[in-house]
Amino acid sequence: MGFTILILYIGKVKGIITFPDFDREIPRRIFPLPLLYIGNHLTGLSGTQKLSLPMFTVLRKFSILFTLILEMVILKKRYSLSVALSILAIVIGAFVAASFDLSFNLEGYIIVLLNDAFTAAYGVYTKEKINPKELGKYGVLFYNAAFMILPTLILTIWTGEFKEAVYFKQWTNVYFAFQFLLACMMGFILLYSIVLCSFYNSALTTTVVGALKNVSIAYIGIFIGGDYMFSWINFIGLNIW
């Protein structure tokens, strides 16, 4: 969030990019997007702790279905039968994999499904807010981070994670510090890519494209994660994309 605010503010000052200045109307125009933004991040991080990577990625497929439904309800979009059947096949694969998950964790399932709902809502509202008549793509990125950086900081202090970060022993390791800053930069690039994809495409397209990376994550997680319990039916469900 800090990198996002810094980069976009410098870009605005230098005249490279433009987005609306803050006024009384900005909170009304941006909300509920910041809440969906942070909810998406927090449930996503929590979900990876509770489930194996393959099961986490397969349950993330439900975000595609949720996005389709929300686009039809909020944005009044309509899709062809072929699109609906394709999404149905993806969801059936997720159901098959989940039904034969030998390492079932109810709490993990609930968190990941919440993450799917946050992802879908965030994608749909992002599509609505990035309209140039609203905040535009840079305004959405900047005010999302600006509104949520302080509440998130307070949350980390309350949970004790801020203290752990301050006393983390690797801060003096130049290699680690460089990698950490690079990760922050890549986080900004990822967020910008998502918003840019939503700007030129539908929220559903952005969600589907985002799910494609889960193909590699699922296979890598099977061999590296160490917490995936193999069964043939579950494995077949994982492979229905």
Side-chain angles (χ1 to χ4, degrees), residues 1-13 17 19-51 56 60 63 66 107-108 110-130 134-171 176-198 203 206-207 210 213:
M1 291 185 212
F3 256 76
T4 299
I5 293 169
L6 180 64
I7 292 171
L8 294 180
Y9 181 76
I10 292 174
K12 182 178 173 65
V13 170
I17 61 173
F19 55 85
D21 293 323
F22 182 80
D23 58 35
R24 294 179 181 178
E25 290 295 309
I26 291 295
R28 181 190 63 79
R29 293 166 68 186
I30 189 69
F31 276 88
L33 205 52
L35 299 177
L36 301 173
Y37 166 77
I38 199 64
N40 187 30
H41 282 300
L42 293 179
T43 53
L45 291 170
S46 299
T48 57
Q49 293 178 326
K50 304 292 183 181
L51 298 174
F56 174 78
R60 289 285 292 135
S63 64
F66 294 164
E107 183 184 358
I110 292 172
I111 291 173
V112 176
L113 289 174
L114 277 174
N115 183 230
D116 292 338
F118 276 119
T119 298
Y122 177 71
V124 171
Y125 277 103
T126 295
K127 181 64 178 178
E128 183 181 57
K129 303 294 184 181
I130 58 177
E134 289 287 331
L135 295 172
K137 51 185 181 290
Y138 299 115
V140 164
L141 284 170
F142 182 84
Y143 289 114
N144 259 345
F147 276 111
M148 294 314 300
I149 190 168
L150 184 58
T152 308
L153 178 61
I154 293 171
L155 179 63
T156 60
I157 294 172
W158 180 64
T159 59
E161 291 185 0
F162 182 78
K163 184 177 180 180
E164 291 180 19
V166 169
Y167 289 102
F168 187 60
K169 295 180 180 179
Q170 293 297 323
W171 288 120
F176 167 79
F178 173 74
Q179 293 282 358
F180 180 80
L181 291 174
L182 190 62
C184 293
M185 175 67 75
M186 293 305 295
F188 164 74
I189 293 174
L190 174 62
L191 288 173
Y192 177 67
S193 300
I194 293 171
V195 170
L196 197 63
C197 185
S198 297
T206 302
T207 305
K213 72 179 184 300

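Sequential numbering from 1 along the given sequence is applied to the chain's residues.
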Check residues 182-190 and write down every donor-acceptor pair under 3.5 Å in which the side-chain atom is one partner and the other belongs to a residue at least two apart or another chain.
none

Query - Spacing of OG1 belonging to Thr207 relative to CZ belonging to Phe66, to within rounding of 0.5 Å - result: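 It is 11.5 Å, given to the nearest 0.5 Å.
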
Query - Value rounded to 0.5 Å, distance of OG1 in Thr152 from CG in Leu42 - result: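 Going from OG1 on Thr152 over to CG on Leu42, the span is 6.5 Å.
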
Do [X] and [Y] have side chains that get closer than 4.5 Å, going by heavy atoms?
X: Leu135; Y: Ile130; value: no
X: Phe118; Y: Ile38; value: no
X: Phe147; Y: Ile26; value: yes

Could you list the residues that satisfy side-chain hydrogen bond (donor to acceptor under 3.5 Å, both in side chains) with [X], not counting sequence neighbours?
X: Thr119; result: Asn40, Arg60
X: Asp23; result: none
X: Glu164; result: none
X: Arg24; result: none

Mind listing the closest non-hydrogen atom pair of [X] and [Y] along with its distance?
X: Arg28; Y: Lys129; answer: O-NZ, 4.3 Å
X: Leu141; Y: Thr4; answer: O-CG2, 3.6 Å
X: Pro20; Y: Lys12; answer: C-NZ, 4.5 Å
X: Ile111; Y: Thr43; answer: CG2-O, 3.3 Å
X: Ala203; Y: Gly123; answer: CB-O, 3.6 Å
X: Lys137; Y: Val195; answer: CB-CG1, 3.4 Å

[X]: which residues meet the side chain to side chain contact (heavy atoms under 4.5 Å, CB included) condition with it, sequence neighbours left out?
X: Ile149; value: Met1, Ile5
X: Tyr9; value: Val13, Phe142
X: Pro151; value: Met148

Name the atoms and distances for all side-chain donor-acceptor pairs under 3.5 Å in residues 153-160, with sequence neighbours left out.
{"residue": "Thr156", "atom": "OG1", "partner": "Leu153", "partner atom": "O", "Å": "2.6"}
{"residue": "Thr159", "atom": "OG1", "partner": "Leu155", "partner atom": "O", "Å": "3.1"}
{"residue": "Thr159", "atom": "OG1", "partner": "Thr156", "partner atom": "O", "Å": "3.2"}

Report task. Sorted by first residue and then second, give each side chain to side chain donor-acceptor pair (under 3.5 Å) pair with at least one member in residues 178-192; sequence neighbours left out. Result ->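 Qualifying pairs: Tyr138-Tyr192, Tyr175-Gln179.
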
Report task. State whether the number of non-hydrogen atoms from other residues, nucleotides or ligands found under 6.0 Å of Phe176 atom CZ is greater than 12. Result ->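 Yes - once you tally the heavy atoms of other residues, nucleotides and ligands closer than 6.0 Å, there are more than 12.
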
Query raised in the report: Any idea how Tyr37 and Tyr122 line up, ring-wise: parallel (<30°), tilted (30 to 60°), or perpendicular (>60°)?
Result: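 Judged by the thresholds at 30° and 60°, the geometry between Tyr37 and Tyr122 is tilted.
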
Report task. Answer with yes or no whether the side chains of Thr206 and Ser198 bring together a donor and an acceptor at under 3.5 Å. Result ->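 There is such a pair between these side chains.
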
Query raised in the report: Does the Tyr143 side chain pair with the main chain of Pro27, one donor and one acceptor, at a distance under 3.5 Å?
Result: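 Pair absent, no side-chain N/O of Tyr143 close to backbone of Pro27.
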
Query raised in the report: Of all residues at least two apart in sequence or in a different chain, which pass the salt bridge (Lys or Arg N to Asp or Glu O under 4.0 Å) check with Lys163?
Result: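 Applying salt bridge (Lys or Arg N to Asp or Glu O under 4.0 Å) to Lys163 gives none.
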
Query - Counterpart residues, ring pair (Phe, Tyr, Trp, His ring centres under 6.0 Å), relative to Phe22 (two or more places apart) - result: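 Here no residue qualifies.
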
